[in-house]
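We number each residue from 1, following the sequence as shown.
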Amino acid sequence: MQAELARIHRATTKTIVFVTHDIEEALRLATQIAILHEGQIAQFGPPLEILEHPASDFVSDFVSRQGLGLKLLSVRRIGDHVRAGETAEGEPLSVDTSLRDALSVMITRRAERLPVCDVEGHNLGVIALADLVR
């Protein structure tokens, strides 16, 4: 359902209001998140901003109860970490792939470097395991 909702959003570019108590789901689907506390907006902004700069202790606790590092990897994209001009073997990942998905592929392929391509399939460079922790 989440993949289909994301596909519909990309295809239509319409605003979708989606209510959930699952922060993982919100981080996966949202371009903007509103976190409510006692009927008031505690913080509103893009997922990465909320994870990196929580506006209050409540927001910090809500978004980072477990696995903050993996949550950050899920909202960051490999396009921001490409080592341009470098090469690696294997099927390339799209520049808009999350760092979390890149980590998963690295583990599956037992690879420390993966090739990265743009949305048209042109090689851009690589993403390295070390880049995931910077």
Heavy-atom side-chain proximity of I33 to P47 below 4.5 angstrom: yes

Pairwise distance OG(S94) to CD1(I78) - rounded to 0.5 angstrom: 7.0 Å

Distance (rounded to the nearest 0.5 Å) between I16 CD1 and L5 CG: 4.5 Å

side-chain hydrogen bond (donor to acceptor under 3.5 Å, both in side chains): pairs with one or both residues in residues 115-127, sequence neighbours excluded: D118-H122

Rounded distance [0.5 Å steps], CG in L103 versus CG in L70: 7.5 Å

Spacing of L73 atom CG and S104 atom OG [to the nearest 0.5 Å]: 11.5 Å

SB check E49 R76 (cutoff 4.0 Å): no

Residues clustered with V126, ILVMFWY side-chain links under 4.5 angstrom: none

Side chain to side chain contact (heavy atoms under 4.5 Å, CB included) between V63 and L27, intermediate numbers included: CA-CA 9 Å; V63 299; L27 293 171; 6.0 Å; no

Heavy-atom neighbours of D22 CG exceed 12 at 6.0 Å: yes

Taking every non-hydrogen atom, the tightest pair across R77 and V95: CB-O, 4.0 Å

Qualifying residues under side-chain contact (heavy atoms from CB on, under 4.5 Å), relative to A111, sequence neighbours excluded: R109, L114

Verdict with supporting geometry, L99 and H81, side chain to side chain contact (heavy atoms under 4.5 Å, CB included): CA-CA 9 Å; L99 292 181; H81 301 275; 3.7 Å; yes

Atom CD of E52: over 12 foreign heavy atoms under 6.0 Å: yes

I127 side chain near V82 side chain, heavy-atom distance below 4.5 Å: no

Side-chain donor or acceptor of S74 paired with backbone N/O of K71 under 3.5 Å: yes

Residue pairs involving residues 82-96 (criterion salt bridge (charged side-chain N to carboxylate O under 4.0 Å, His left out); sequence neighbours excluded): R83-D131, E86-R113

Donor-acceptor under 3.5 Å (T97 side chain, L93 main chain): no

With sequence neighbours excluded, residues passing side-chain contact (heavy atoms from CB on, under 4.5 Å) with I41: L36, F44

side-chain hydrogen bond (donor to acceptor under 3.5 Å, both in side chains) partners of residues 25-41, not counting sequence neighbours, each pair once: Q2-E25, Q2-R28, T20-E25

Side-chain (S56) to main-chain (V59) donor-acceptor, under 3.5 angstrom: yes

Least distance between heavy atoms, L124 atom then C117 atom: CD1-C, 3.9 Å

